[in-house]
Structure formats: C-alpha cells, structure tokens
Undergrad: 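The structure's right below; bear with me while I get my questions together.
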Amino acid sequence: MTRSILSLTIIVTMICTKGRAQEAAGIPLDAVREYTGIQAWHAAGFKGQGVRVGIIDRGFAGIDQLEAAVTFPDYMDTAAIYNAYTNHGTLVYRVFYEMAPEAEYFLFQLNPSGKNISEAVDWMLLQGVDVVNYSVTVLEIPFNGDNHQSREMARLAQNDVVIVAAAGNYGLSFVTDTYKDADGDGWHEFEWGYESMWTAPIFTSPFGEAHLRWQDVYTSAQIDLDLYVIASDGQTVLEASTKVQKGGSADWPYEDSFYPTTAGVPIYVAVRAKVPGTIPDGTVFYLYLEDTTLGDPTLTGSIVAPGDSADVLTVGSIEANESLWQRSSRGPTWDGRTKPDLVAPTRLQLSKSEEVVLGTSVSSPIVAAAAVLVRQSHPDWSQMEVRDFLTRNALDLGEPGPDSFFGYGRLYLPPPQ
Ligand SMILES: [Ca+2]
Ligand SMILES: [Ca+2]
Ligand SMILES: [Ca+2]
C-alpha cells in the first residue's frame, strides 16, 4: 500500500461516483435548476456575468478536457493540475458552471498536504473574487469556529467575499466518546463494553481512512492515544497509527490510518492508550471515517472545518424526497452553533451517459452559484446581505426553524425582481 499521503490532515469531502447512469436515480442538473429557482434567474438573464468565482479544491484532473475558460495562478504547473490525483474539483466546477455559466472562474489547486490554504486565500483576494466555493473538509480541531481554517475564511469575509463550504460526509461515520478503560488493558470501551467498533466501507477503493482526534493541546499533546484498524476476523491488525505524544512541539493529538478496503466487508476500529492507566479522566476523542458506515455513529456534531466557521455558508445534502442525505454532516458546532446553514440536492446526474456524483461537495456549488446570481443582481449588497438573502428565502425542512440537520432549509431563490 502506498503511504505517500499518510501525512494528510486535509480530507476531500468525497464525491463518490456510484452506479451506471442507466440504473442510477440521479437528479439531472436542469431539474436542480428548476427545483432551486435558479432556472428563473437564468431566464431573466442572470447567469453570473461580471461575477468572479473562486473554487479552492484538491484536484482538477481532466479539466483541460472540458475546454473550460478558467484561470489558474500563473505559478501553478498546468500539467500537474490536469494530471492531479483527483478530479474532485473538476466535478465541483462542472456543477457550478451549469448553475452560473457566465461567471468568470478562478481555480486554485491546493498542494497535496493541503496546508497552503493561506496561499489560496491570498490569490483569491488578488483576483478580486466575489464568491468562493470550498468543498474540502479539514480535520484540524477544534471545530468551534476558531481554528486555522476559520481564520483564513475570516480573511475572505472581511474582504466581502461570500464563502460557501461543504458540510462534510461524516453523518454516519463519526463517533465521539469519553475514553474509558474499566478492565485496564488500554483498549477503550465503547458503549456496551465493546473494545472496537464495527464499520463497513461503502465503496471499494485502494484505501479507507480513519482519523482520531482528541482534546489536548493541539501542538504539544501529552495524552498518547493510538488508533487501530482491525480486520473482520477481529484479530488481524490491518493498520495501526501509533505516533508518540509526550508534549513535544510536534506532538499533535491525532492519529490517521489508511488501510485497504473492500465494499461491504466490515472492519473494526479501536482506540488504545499507548500506556494503560495514563489517560486522564474525561478525555474526549473523536473518530472520523471516510466513506463508511459505523456500527454506532454519533448522529450530531459531525461538522468539521471550514464548515464550523461563522464566516461561511455551510451546505449539507438532501435526497430528491427532501430527506437528509444520511451521510451529510450534522451540527451543532463544538461551541453549540447551528450548522449547516443550508441544504441542497446531491446524487446529481451530470449528463445522461455519466455516473451519479454524490456528497456535500456537489451540493455546495449549487448554493455558491445562487450566491453568484444574487451578487450579479444586487452588486451593492455585502457578503452578509447575500448570505442573509439565501438563508431568509430557504424553505424550512425538518423541525420548524433552523436546525442542525437542514440549517435554515433547502436552497430556494425566489424569482428575481
Ligand atoms: Ca479496555
Ligand atoms: Ca499516539
Ligand atoms: Ca428546520
């Protein structure tokens, strides 16, 4: 197994491609335009002309095949962009373009470590973008709106940029718990005393990802927990992440594990103290898995950065029947704020012959495009006024009023005036 990306702390909010077109129940993009009210704005002539759009993403592989009129930073190697390891950003762009075809697009491909968000923000500000879409989720705790990502988002907002971000896909693959070890063997006991938790990968992919974070000083952690991924036999360790945390300046309170997966074949995740008996009482940890369903997920609190930022419109996903897409991350944030802000469709059919794309990553650009059309029609409105317009006109779903599943409700643009 390749370990070249083991150091990533940044996680694409996966766009999953699923099923063949003829058997998949995807929503065509013209139906999305009708459903969200965007079509009426197009008919009235609002298609994004004169509005500058930024898309920050992990990879734009294949975007050269689209003959898209997009701008990348001069200093980026276009060959590296066209051959990036993921086409995630390209899919985001395609959805965005269908909703705002006449906007100007400025694209920034994050480097593989994902740590150059500051550089991305600098460049977006230099280009004078009006709206940014950021369909990438980052597991840099704490998710209380006060972290590196949120500070970068604040720089955009202070420069009057509307920022729209994916909520994340952790709705069924997140668990938080307080460490406990009644039998003293170091292995954490989940509910009912089980020392591991079952999880089933949804897709076959070269590797799955499990991420463990815990409450500790972010840059000099002293609590040493480790993360284990165990095969379906309950014995064989597939992957263990066992970094040492002992208060050093590079000791961060996290472990990340990458392991081979097969769709539907269950595995187990487990949390262990490096040294039994050394974990302080009340130590809270958080487990995030990519593209799996956990046996006993925590069904709230799975919004991660930058979706926890007060400066962004955070977008979750709904199904065609307006139920929450189950894997859409739910609020509230760690500090108790309601998130997401809005929901929009996922399970999109990009064209008749293509597979369906799924995830909060493709719901986000629908909302971002709506912000573009509003900015075009009301160039005098601040980013906050644009955001207020979108949330005020959202159609409430779930329990009455804003809630931690649907936010203010589903995106809907009333006809332009
Ligand atoms: Ca134990
Ligand atoms: Ca450790
Ligand atoms: Ca509601």
Side-chain angles (χ1 to χ4, degrees), residues 6-7 9 139 141 167 177-197 210-230 234-235 237 239-258 268-281 283-287 299-300 303 313-319 321-325 328 330-332 337-344 390-412:
L6 273 176
S7 62
T9 59
L139 294 175
I141 57 175
D177 206 346
T178 302
Y179 177 84
K180 51 186 164 296
D181 182 24
D183 63 0
D185 65 355
W187 295 101
H188 165 73
E189 290 132 28
F190 291 97
E191 218 175 342
W192 305 301
Y194 293 125
E195 290 182 325
S196 61
M197 186 175 287
H211 306 269
L212 175 68
R213 270 90 181 109
W214 59 93
Q215 285 183 351
D216 202 341
V217 180
Y218 199 57
T219 49
S220 55
Q222 303 203 28
I223 300 171
D224 194 344
L225 292 173
D226 292 336
L227 172 63
Y228 286 78
V229 178
I230 298 162
Q235 303 289 328
V237 174
E239 246 286 330
S241 181
T242 58
K243 289 191 277 283
V244 171
Q245 286 88 13
K246 55 179 183 183
S249 60
D251 293 352
W252 290 18
Y254 68 72
E255 301 288 350
D256 296 323
S257 181
F258 298 79
Y268 296 88
V269 286
V271 175
R272 187 187 194 188
K274 177 96 76 221
V275 180
T278 60
I279 308 302
D281 284 349
T283 297
V284 174
F285 68 81
Y286 313 86
L287 259 175
L299 294 174
T300 58
I303 299 271
L313 270 179
T314 305
V315 180
S317 295
I318 51 170
E319 299 281 6
N321 68 2
E322 300 192 338
S323 64
L324 189 71
W325 178 55
S328 188
R330 301 104 190 265
R337 285 170 296 120
T338 298
K339 285 277 183 177
D341 296 288
L342 290 168
V343 289
L390 295 177
T391 52
R392 194 168 64 243
N393 287 291
L395 300 179
D396 193 17
L397 292 172
E399 64 182 64
D403 61 72
S404 290
F405 301 92
F406 303 98
Y408 286 86
R410 75 165 173 93
L411 172 72
Y412 179 71

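Both counts, for ligands and for their atoms, begin at 1 and track the order of listing.
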Undergrad: State the atom name: nearest N, O or S atom of D181 to the Ca ion (ligand 1).
TA: OD1
Undergrad: Taking I223's backbone N and O only, do any of them form a donor-acceptor pair with D216's side chain (distance below 3.5 Å, no angle check)?
TA: yes
Undergrad: Verify, without hydrogens or angle tests, whether S328 (side chain) and S317 (backbone) share a donor-acceptor contact under 3.5 angstrom.
TA: yes
Undergrad: Salt bridge or not for K243 and E255, using N-O below 4.0 Å?
TA: yes
Undergrad: Looking at E195, pick out the N, O or S atom nearest to the Ca ion (ligand 1) and give its name.
TA: OE2
Undergrad: Taking the N/O/S atoms of D183 one by one, which is nearest to the Ca ion (ligand 1)?
TA: OD1
Undergrad: For N/O/S atoms only: which one belongs to D226 and is nearest the Ca ion (ligand 2)?
TA: OD1
Undergrad: Kindly report the O-the Ca ion (ligand 2)-OE1 angle for L225 and Q245 respectively, rounded to 10°.
TA: 100°
Undergrad: How wide is the angle at the Ca ion (ligand 1) between O in W187 and OE2 in E189, to the nearest 10°?
TA: 110°
Undergrad: Within F405, is some N, O or S atom less than 3.0 Å away from the Ca ion (ligand 3)?
TA: no
Undergrad: For side-chain hydrogen bond (donor to acceptor under 3.5 Å, both in side chains), just list the numbers for D181 and H188, CA-CA rounded to whole Å, side-chain angles, deciding distance to a tenth of an Å, and then say yes or no.
TA: CA-CA 5 Å; D181 182 24; H188 165 73; over 6 Å; no
Undergrad: For a distance under 3.0 Å, tell me if G401 has an N/O/S atom near the Ca ion (ligand 3).
TA: yes
Undergrad: Of N393, T391, L390, which is the lone residue that meets side chain to side chain contact (heavy atoms under 4.5 Å, CB included) with L411?
TA: L390
Undergrad: Taking the Ca ion (ligand 1) as the reference point, name the nearest N/O/S atom of D185.
TA: OD1
Undergrad: Of all the N, O or S atoms in D403, which has the shortest distance to the Ca ion (ligand 3)?
TA: OD2
Undergrad: Mark yes or no for whether D341, through its side chain, and T314, through its backbone, hold a donor-acceptor pair below 3.5 Å.
TA: yes
Undergrad: Run the salt-bridge test on D226 and R272 with the 4.0 Å N-O cut-off and return the result as yes or no.
TA: no
Undergrad: Heavy atoms, side chains only, cut-off 4.5 Å: are T283 and T178 in contact?
TA: no
Undergrad: Quick one: are the ring centres of Y286 and W214 less than 6.0 Å apart?
TA: no
Undergrad: Suppose we only count N/O/S atoms under 3.0 Å; would K274 qualify as near the Ca ion (ligand 2)?
TA: no
Undergrad: Suppose we only allow N, O or S atoms; which atom of E255 ends up nearest to the Ca ion (ligand 2)?
TA: OE2
Undergrad: What N, O or S atom of E399 is found closest to the Ca ion (ligand 3)?
TA: O
Undergrad: Ring-plane angle category for Y254 and Y218, please: parallel below 30°, perpendicular beyond 60°, tilted otherwise.
TA: tilted
Undergrad: For D224, what is the atom name of its N, O or S atom nearest to the Ca ion (ligand 2)?
TA: OD1
Undergrad: Could you tell me whether the Ca ion (ligand 2) has an N, O or S atom of L227 under 3.0 Å away?
TA: no
Undergrad: Relative to the Ca ion (ligand 3), which of the N, O or S atoms in D396 is the closest?
TA: OD1
